[in-house]
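For ligands, and for the atoms within them, numbers begin at 1 and follow the listed sequence. All of these numbers come straight from a predicted model, not from anything done at the bench.
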Amino acid sequence: MIRSTLLFLALAIASVHAQTTSPVFGQCGGEGWTGPTACATGSVCVVQNPFYSQCVPGTVTTTTGPTTTVSTSTASKTSTASTSTASVPAQTGFVKVSGTKFTLNGAPYTFFGGNAYWLPLMGYSTADINTAFDAIVGSGATTVRTWGFNEVTSPNGIYFHLWNGNTATVNTGANGLEMLDAVIAAAKAHGVRLVIALHNQQLVNFIWTLANFSSFNHRSDYGGMDVYTAQILGSGQFHDVFYTNPTIIAAFKTYVQAVVTRYINEPTILAWELANEPRCGGSNTAASPTCNTTTITTWIETMSSFVKSLDSNHLVTIGDEGFFNRPGSNNFDFVYQGTLGIDFEANIKITTVDYATFHMYPESWGESDVEPWGVQWITDHATVMASANKPVIMEEFGIVNTTTRTSTYSDWYSTVISTDITGDLIWQSGAELSVGPTPDDGYMIFPGNPEYTLMQQHAAALKARG
Ligand SMILES: *[C@@H]1O[C@H](CO)[C@@H](O)[C@H](O)[C@H]1NC(C)=O
Ligand SMILES: *[C@@H]1O[C@H](CO)[C@@H](O)[C@H](O)[C@H]1NC(C)=O
Ligand SMILES: *[C@@H]1O[C@H](CO)[C@@H](O)[C@H](O)[C@H]1NC(C)=O
């Protein structure tokens with residue numbers, strides 16, 4: 001009897017407690033937040049940006065010292081922290097470029113990690129997002145690349161940009177950019193930095209496609225750049241109209257401005273990326289006969305200088321596949337011919353582009369001898385890196401053949417080290433979450449895979465090389 005009364009009491013207290021405090025890594029404040037502003041024991045509420053405060057592990061020490069991590073304008077919303085110093089992982093300073101390397105607060109910054117586009121797009125709980133970062137950090141990652149876009153034409157699930165006719169609105173709510181806020185907060189709590197892509201060449205509606213790969217092709221009408229061209233100019237446009245039509249450029253700038261200005265002072269973001277894999281043609285739409293590398297180089301100049309004009313804190317990169325414009329070279333291998341609209345050597349010279357990237361999928365590009373072909377592709381980019389004197393990142397790479405994958409990645413990682421390529425991000429990092437594994441496209445590396453161990457070794461080698 002006494003026992004059950006005590007149990008009842010304990011449950012009653014627990015449920016009251018659950019309503020008045022946020023769990024570790026939960027939200028505890030921010031514009032529009034109506035939930036608890038106090039944090040579970042052992043954690044403290046820290047302002048991440050005006051829209052998101054988070055309970056991070058640590059203790060509040062009441063002192064008369066200066067406030068370090070809590071901004072005074074929003075501190076009143078987040079408890080008495082204005083007179084307190086939170087002992088939380090500090091993340092200060094912005095990653096900078098020095099020659100072909102990165103630095104952070106004057107020290108070398110090792111650029112290594114993986115892609116995890118799905119982080120803000122799947123509706124994962126904060127706990128699951130943190131579990132994902134646990135797995136990613138365990139591979140030795142310092143840097144993670146994710147998506148800062150999601151175009152839709154009807155409000156559904158998570159979306160960042162909603163089109164209605166020829167006008168679009170940015171979704172800053174809980175099923176919009178607040179998901180990106182939560183990813184940034186989790187990255188910060190794990191001490192890693194983010195590369196955030198602002199757009200995609202071909203994009204489909206990620207809520208559906210990535211939750212369920214078998215329905216991928218049924219949803220391809222929700223394309224990224226093609227959504228802009230179809231909504232603004234009507235269907236049937238050439239893909240590259242996206243890069244040249246003034247109304248479309250203005251609409252894209254409006255979206256970019258909304259995202260970039262939300263995070264200008266956020267050191268967890270390493271770089272803004274203009275678009276994932278821009279090309280003259282889309283996956284479902286043709287390139288116009290006049291599109292060439294000048295078309296996209298000009299667009300990169302326009303957009304990178306626009307981002308720089310808004311935000312002088314963050315680095316800017318393109319997010320392209322690093323194709324060469326060397327017609328007739330390399331046995332007419334298509335990735336060297338300039339026909340896709342990318343000229344790596346021209347683009348790396350753009351002054352408002354801080355570093356360059358290349359991607360590497362020799363299997364799906366139809367290259368005959370995958371492993372040595374990759375070695376040559378890495379080496380060719382390293383040569384341009386040295387002459388341009390800017391960092392170059394192998395930003396995506398992968399094969400799906402698991403028989404040869406570990407030995408192939410081992411060889412490619414060694415080539416990154418020996419050619420002095422600045423760093424790399426695997427496609428892609430994965431994790432087991434409470435709702436199951438993260439969406440696997442055949443390339444995903446989970447903790448326990450042999451490639452995961454390889455990543456840990458490569459992270460150490462990159463750090464030692466400097
Ligand atoms: C995935 O898509 C297939 C085919 O459209 C469907 O049969 C299946 O139920 C979907 N699975 C989930 C988990 O939505
Ligand atoms: C692309 O085409 C334009 C004319 O349409 C031309 O002026 C320009 O030189 C071409 N660029 C390249 C790299 O060939
Ligand atoms: C994977 O690579 C091995 C070794 O080159 C080859 O024998 C095998 O056919 C490949 N598997 C697939 C599915 O391509």
Side-chain angles (χ1 to χ4, degrees), residues 201 213-214 225 229 237-246 248-249 274-275 277-282 285-304 318 320-330 332-353 356 358 360-378 380-381 384 387-388 396-415 426-428 440-446 449-452 454:
Q201 171 229 141
F213 271 91
S214 60
M225 293 181 180
T229 60
Q237 307 296 325
F238 288 119
H239 181 76
D240 52 287
V241 165
F242 179 83
Y243 306 111
T244 57
N245 180 280
I248 292 175
I249 290 174
L274 301 181
E277 303 189 342
R279 294 182 180 187
C280 277
T285 45
S288 74
T290 54
C291 187
N292 62 17
T293 60
T294 304
T295 310
I296 298 181
T297 298
T298 302
W299 178 79
I300 294 165
E301 284 165 351
T302 302
M303 287 310 305
S304 61
I318 304 162
D320 65 296
E321 295 153 286
F323 299 131
F324 290 105
N325 182 21
R326 300 172 177 173
S329 76
N330 296 68
F332 295 92
D333 185 341
F334 77 109
V335 296
Y336 285 89
Q337 307 309 312
T339 45
L340 298 165
I342 291 295
D343 183 338
F344 183 74
E345 285 148 296
N347 295 341
I348 197 173
K349 291 183 185 138
I350 297 170
T351 52
T352 40
V353 169
F358 67 95
M360 186 162 85
Y361 294 101
E363 261 178 353
S364 60
W365 290 348
E367 306 298 348
S368 57
D369 213 350
V370 164
E371 185 177 324
W373 188 92
V375 169
Q376 189 62 48
W377 186 243
I378 297 167
D380 288 344
H381 287 88
V384 177
S387 65
E396 288 187 20
F397 67 95
I399 62 172
V400 294
N401 189 333
T402 51
T403 311
T404 52
R405 190 152 74 186
T406 310
S407 59
T408 303
Y409 288 5
S410 177
D411 190 20
W412 290 348
Y413 275 153
S414 300
T415 307
I426 204 167
W427 186 272
Q428 58 170 322
D440 190 0
D441 53 0
Y443 293 96
M444 202 162 255
I445 305 303
F446 294 94
N449 291 162
E451 297 87 347
Y452 189 84
L454 198 61

The criterion is side-chain hydrogen bond (donor to acceptor under 3.5 Å, both in side chains); which residues satisfy it with Thr339, sequence neighbours excluded?
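Checked Thr339 against side-chain hydrogen bond (donor to acceptor under 3.5 Å, both in side chains); zero matches.
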Mind checking side-chain hydrogen bond (donor to acceptor under 3.5 Å, both in side chains) for Asp380 and listing every partner two or more places apart, or none if nothing turns up?
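So Asp380 forms a side-chain hydrogen bond (donor to acceptor under 3.5 Å, both in side chains) with Tyr336, Gln376.
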Close aromatic pair by centroid cut-off 6.0 Å: Phe358 and Phe324:
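They do not qualify: ring centres at least 6.0 Å apart.
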Proximal atoms of ligand 2 relative to Thr294 (non-hydrogen, under 4.0 Å):
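Ligand 2 atoms under the 4.0 Å threshold to Thr294: 1 (C), 8 (C), 10 (C), 11 (N), 12 (C), 13 (C).
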Ligand 2 atoms in contact with Thr293 (distance to a heavy atom under 4.0 Å)
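Matching atoms, with element in brackets: 13 (C).
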4.5 Å side-chain heavy-atom contact, Trp412 and Met360:
yes
So, Asp240 versus Trp299: side-chain donor-acceptor pair below 3.5 Å or not?
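Per modelled atom types, Asp240 and Trp299 side chains form no pair under 3.5 Å.
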Please report whether ligand 2 has a polar contact with Asn292, defined as an N or O pair separated by less than 3.5 Å (distance criterion only).
yes
Look up atom OH in Tyr409 and atom OG1 in Thr404, then write down how far apart they are to the nearest 0.5 Å.
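One gets 9.0 Å once the value is rounded to the nearest 0.5 Å.
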Any pair with a residue in residues 337-346 that passes salt bridge (Lys or Arg N to Asp or Glu O under 4.0 Å), sequence neighbours left out, goes on the list, sorted by first then second residue, please.
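Non-adjacent pairs meeting salt bridge (Lys or Arg N to Asp or Glu O under 4.0 Å): Arg326-Glu345.
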Measure and list all N/O to N/O distances between ligand 3 and the protein that fall under 3.5 angstrom.
from	atom 1	to	atom 2	distance (Å)
ligand 3	2 (O)	Asn401	ND2	2.3
ligand 3	11 (N)	Asn401	ND2	2.9

